[in-house]
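Written below as structure tokens is the structure these notes are about.
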Amino acid sequence: MQKTYSPEDIEVRIYAEWERLGCFEPSGTGAPFCIMLPPPNVTGTLHMGHAFQDTIMDALTRLHRMRGDNTLWQPGTDHAGIATQMVVERQLNAEGLHRRDLGREAFVDRIWQWKKSSGDTIERQLKRLGASVDWSRHKFTMDPELSRAVTHAFVQLHEEGLIYRGKRLVNWDPVLHTALSDLEVVGEEESGKLWHFSYPLADGDGALVVATTRPETMLGDTAVAVHPDDPRYASLVGREILLPIAGRRIPVIADDYVDPEFGSGCVKITPAHDFNDYEIGRRHGLEMINVLDDDASLNESVPAAYRGLDRFAARERVVAEMDALGLLERVEDHRMVVPRGDRSGAVLEPYLTDQWYVKAATLAAPAISAVEDGRVRFVPENWSKTYFEWLNNIQDWCISRQLWWGHRIPAWYDPDGGVHVGADEADARRRSGLSADVALVQDEDVLDTWFSSALWPFSTLGWPEDTPALKTWYPGTVLVTGFDIIFFWVARMIMMGIKFMGDVPFREVYIHGLVRDAEGQKMSKSKGSVLDPLDIIDGVDLDTLVEKRTTGMMQPQLRARIAEATRKEFPQGISAHGTDALRFTFASLATTGRDVRLDLSRVEGYRNFCNKLWNASRFVLMNTEGEDCGAGGELEPGLADRWIRSRLAETVRVSLEAFEAYRLDLAAQAIYEFTWHEFCDWYLELVKPAINSEDATAAQKRAARRTLVEVLEALLRLLHPIMPFITEALWRRVAPVAGVGGETVMLQPYPAPDDYPRDEAAEAEMAWVQAFILGVRQVRGEMNIAPGRPLEVLLQDASEQDLGWLRANEPLLMKLGRIAAIEPLAAGAAAPPSATVLLGNTKLLVPMAGLIDAAAEIARLEKQRDKLRSDLAKSRAKLDKPSFVENAPAAVVDKERRRAEEVAASIEKLEQQLERVHALA
RNA sequence: GGGCGAUUAGCUCAGCGGGAGAGCGCUCCCCUCACACGGGAGAGGUCGCUGGUUCAAUCCCAGCAUCGCCCACCA
């Protein structure tokens, strides 16, 4: 074995072997356990957020597989309509082409090509991350059988009246030329202006002042509204305005929507271009005049001078013309929320179009109760609040998109505009009773990506067929996802799951945080802060990293800045850390309800941890391979052997408990602590004298070797869900020595707490041994005594128990403390001048004999004494308060009394010692 | 305007009613026969602020401050 662990040598090879052994497929026996991989978008490559999420899912999956469950981790990818289409459109643009140049079919072909390459990349990345998904069941949302599921769901919902087509205002993206759902609208506060216009009354008798942030829409005004109780305007209600520029007469109406306090208390109403105005328009039966085209330029319904103008140019012209007409009252700066498309970033328009909608409220009701009554549980719990908040106020869901990439809407139109829905054209005809000679044209639009995603928990398992997989793994066990898609995806899966399967899609929803960069910013391509998980795993040189971050950008002008920032952040590039180190980092940062700030120095720390484990195993193998490790022979376990097994038991218990609660950080921490600070720091050191000593019996040595391999073998199983590769590589070497069979650690049973007994006596004795050694080391460290220099140590006032423990462990103490001799001091015997360590009531003395400076020892003792004095003062203050003694539980009071006594005794001893050292100084 | 979360050692984070912990970084000493991606010894925190509940508060409650996220139709 190499002296330093090199992950690159083993990871790829081991993954291939797992695949060959069929380790990822469900066992077919045991309780079903199922996780659905949130299908990554085929827009490119996996980022750190995916790697984080995949680590959590893989750890859970491996844990349950080892515990004997019938475990399925279902993989797949999502076609991601808008996002993917945009990626390919950008590529075309770079070639000077537009998708219209190719035509729909060729363009979609081109996206399929892209999908292939992106999908392959994602698969490769998942494999490098160690993801133990069942590749044989891999699905893509546009696979034929999943597309059938989509159509089936659409037809059924339509049949039940839960999907309808209607002309309403939608959020329209004038750059992408498509409708969006409410969720795809992001609102950022931006600075704008508020223009105050004077609208003359038609009869020439004065004017009203209205304020607007969007002057261009005034061309579509069909009313002015005031509050019904506003005395200022009561007499104007029912009269008419002569709308400037447009020259139209429009009524003054009264509606409670108007806030009399804001602005003038008069509002211009443009029903076709504002969601509130639309509602008012419907209430009052107002005309809806659409003044925009689908690219947000002005259309035929405006005066000739405005036709074809872009909305922003039109805005300027309206303002200029109103000003020229003397109707511009004033302009003020105004902060407002501007709606933009989450993908394009374009300012969206409320736009009157025909679209398909899902009646969401009907589906939402049972989805709400499912969480209320605990059939679905959020972890952490408080996310259910977010979930309820949204579902209780849910709006109908616009599911049609004017795109080419996606599931074509299964609706056909006859020449008279009749709509016919069916699984395919023939089915649509049959359902509508149409003869073959009626010409039908399929709807050009595709479905919102999230419509198919909502079916993912059952469409991947074969629905609408009633498959064995569906019976076994629906509902899934747990969904692991980020809070950012609770509405987009989680809520919709629950709605659709209940609707089509009659049960929730998963029992628990584990919500993890977002991965952020070192500055706490969301990683994004446009900020140039993305990291490919593989670059942390394999390492990357600086030039390659800069190259990766600055190609294929939406805003090439940022290139120079990103390159500079990258060179500053990673002057040496990124060194290789291996998959396991990255995974352990994610696990250790996976606390609930908190974002993850990725800290490369932490990854480095866990890479060192891998190395530590590697070398500990090397040591164990060096001492056990080819040796008698106790198969059948007599065993005489020593203190260290009993102790480490007891600690292992506790570690297993803590770790399992943490996994139950999805606290991977606590599991990782417990295992780390055990591995490094108990197994390596203490046990391996304690075992060295035991194994090498000539005094040790064969049975003792055998027991030590047995414990070495057994504990290590169990530790590797314990750690495997988080660090699959290194544990597999080591386990294959260690297992045979431990007498354990099997080809892979993946399919071994996970350690159970009862596998190893707790041993309280061993832990107590070991605590004394550790205190002894630490005390000697402290004197050595603080007194600057050379590490190699052997010390003489005396024990004063040692109890029978101390003496017993001393006798039992003398060789250990001497070896680890680098001690030449340990002598108990006879009662009453005078002690030489010494440095002192308190071991409970016993004093451990290191005679100064020229190697200890009295002043330094005085300083050391005084520091300890002062600390104890302040502890004692606090303790006494507490005990002196009658309220404490009377009200606190007896056990707490007793404990406090004992503490005070012990501290006082310790101070006493330190004082005595101080006196003696002072006498020398 | 509502809702949620955060505020603990220089940095990244655990803990959460009975004397504050880890990793990284820092200081000092060591290339000791598994490991210098290492070993040993240290320094470093009135646990954001102000009140309240309690015998006891970093932990529970209220308010405030700062930061962050989500939702929301004030033209």
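Throughout, protein chains are lettered first and strands after them, A, B, ... in sequence-line order, and every chain is numbered starting at 1.
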Look at the rings of [X] and [Y] and say which category their plane angle falls in: under 30° parallel, 30 to 60° tilted, over 60° perpendicular.
X	Y	answer
A:Tyr351	A:Trp172	tilted
A:Trp614	A:Tyr5	tilted
A:Phe52	A:Phe586	tilted

Nearest whole Å is fine: how far is [N] [atom2] from [X] [atom1]?
X	N	atom1	atom2	answer
A:Gln669	B:G21	CD	P	13 Å
A:Phe586	B:C13	CZ	C1'	15 Å
A:Glu389	B:G2	CD	C1'	8 Å
A:Asp259	B:A72	CG	P	20 Å
A:Ile486	B:C69	CD1	P	16 Å
A:Leu514	B:U12	CG	C1'	17 Å
A:Leu684	B:G39	CG	P	11 Å
A:Glu604	B:A36	CD	P	16 Å

For the side chain of [X], counting heavy atoms from C-beta on, which of [options] is nearest?
X	options	value
A:Arg602	B:A75, B:U12, B:G38	B:U12
A:Asn887	B:G38, B:G23, B:C55	B:C55
A:Arg899	B:C74, B:G38, B:G18	B:G18

Using a 4.0 Å heavy-atom cut-off, does [X] contact any base of the nucleic acid, only the sugar-phosphate backbone, or nothing at all?
X	value
A:Lys863	sugar-phosphate
A:Cys266	nothing
A:Lys874	base
A:Pro882	nothing
A:Arg777	sugar-phosphate
A:Arg789	nothing
A:Asp277	nothing
A:Trp676	sugar-phosphate
A:Arg818	base
A:Lys612	base
A:Val885	nothing
A:Phe275	nothing

Looking at the rings of A:Trp383 and A:Tyr387, which for Trp means the six-membered one, are their centres under 6.0 Å apart?
no
Phosphate contact ([N] OP1 or OP2) by [X] side-chain N/O below 4.0 Å:
X	N	result
A:His334	B:A75	yes
A:Asn393	B:C71	no
A:His677	B:G40	no

Distance-only donor-acceptor test, [X] side-chain atoms vs [N] base atoms, 3.5 Å:
X	N	result
A:Arg597	B:U12	no
A:Glu685	B:A34	yes
A:Lys688	B:A34	yes
A:Lys881	B:C55	no

Taking 4.0 angstrom as the limit, do [X] and [Y] come out as a salt bridge?
X	Y	result
A:Glu901	A:Arg898	no
A:Arg899	A:Glu902	no
A:Glu216	A:Arg311	no

Let's test your reading of the pairing rules: Watson-Crick or G-U wobble, both distances under 3.5 Å, then write RNA chain B as a dot-bracket string with ( ), [ ], | and dots.
(((((((..((((....[..)))).(((((.......))))).....(((((..]....))))))))))))....
When you compare B:G40 with B:G25, how far apart are their P atoms, in angstrom units rounded to a whole number?
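Their P atoms lie roughly 15 Å apart.
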Test of understanding: with side chain to side chain contact (heavy atoms under 4.5 Å, CB included), list the residues that count as partners of A:Thr4, not counting sequence neighbours.
A:Asn611
